[in-house]
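This report concerns only the one structure given below.
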Amino acid sequence: MTRRLGSGSLVIATHNSGKLKEISALLEPHGLKCLSAGSLGLPEPAETGTTFVENALIKARASAEASGIVALADDSGLSVQALDGRPGVYTADWAERQWFEGSAGRDWYMAMGKVEGMLSGQGPNVPRDAWFSCVLAIAWPDGESAVYEGRVNGALTWPPRGEMGFGYDPVFVPEGYEKTFAELDPAEKHAMSHRADAFKKLVAEQFG
Ligand code: IMP
């Protein structure tokens, strides 16, 4: 049987305040007090895994070991079927502009263009299937862990459409919809996203 979180403190292994807010809002109603790895001064480990599960576990374990408190981490990204699942765990890296001196930072339009270039380079009839993944990993200080995997299937479109959301949202059309993630009402996206899917599984097993 999977170990349960119970109530008490939980470290959210992120230095991103947006993620901390979103995750805390989902978990605090279940009696957990969420603390951020950033506010505890915990180190940010290198994401050296080759799968979402490995990277989520690396982050959760690093925070649990350093703090002595149970920790939760997430890892997410976009996979394209015709690109053998790329960019996958390298989704954020494909947006890095570090090679232009003085313009470091992430450029999502460039990243979406790179994916589109690789896809359309395979010909006009290439399948455009893609999916977003989100893995949530819980690590206890004694080494035990649990993982929950969420996914939303869809297809890539070009050119990008919509102003809402972030990252690759403007080129992703979820299955059963005509709008991109960036054109959908954020509440609608959040109810059926890869992150929602992973959280539903976590909540069902941990608090069901
Ligand atoms: P990480 O999980 O913080 O490592 O982020 C992985 C990357 O995947 C993000 O920087 C985004 O580019 C992308 N990504 C993850 N979830 C979404 C989403 O819901 N919409 C658009 N892009 C996403």
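Numbering of ligands and ligand atoms starts at 1, following listing order. The first residue in the sequence is number 1, and the count goes up from there. Just so you know, these numbers use all the heavy atoms, side chains as well, and skip hydrogens, waters and symmetry mates.
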Mind checking whether Phe172 has a heavy atom under 4.0 Å from ligand 1?
-> no

message: Contact between Ile23 and Leu26 at the side-chain level, heavy atoms closer than 4.5 Å - yes or no?
response: no

Counting from 1 in the order shown, the ligand 1 atoms closer than 4.0 Å to a non-hydrogen atom of Arg195 are 15 (C), 16 (N), 17 (C), 19 (O)

Ligand 1 atoms nearer than 4.0 angstrom to some heavy atom of Lys189 are 18 (C), 19 (O), 20 (N)

Ligand 1 atoms nearer than 4.0 angstrom to some heavy atom of Tyr168 are 12 (O), 21 (C), 22 (N)

Taking the non-hydrogen atoms of Gly77, is any one of them nearer than 4.0 angstrom to ligand 1?
yes

Taking only non-hydrogen atoms of Ala92 and a 4.0 Å limit, the atoms of ligand 1 in range are 10 (O)

_Check contact between Phe166 and ligand 1, using heavy atoms of the residue and a distance below 4.0 angstrom._
yes

Q) Hey, does Lys59 come in under 3.5 Å of ligand 1, counting only N/O atoms on both sides? A) no

Candidates Asp93, Thr180, Val89, Asp75; heavy atom nearest atom 4 (O) of ligand 1 found on Asp75

Closest to atom 15 (C) of ligand 1 by heavy-atom distance, out of Ala56, Pro87, Ser76, is Ser76

N/O to N/O below 3.5 Å, does that happen between Asp74 and ligand 1? no

Is there any N or O on Thr91 that sits under 3.5 Å from an N or O of ligand 1?
no

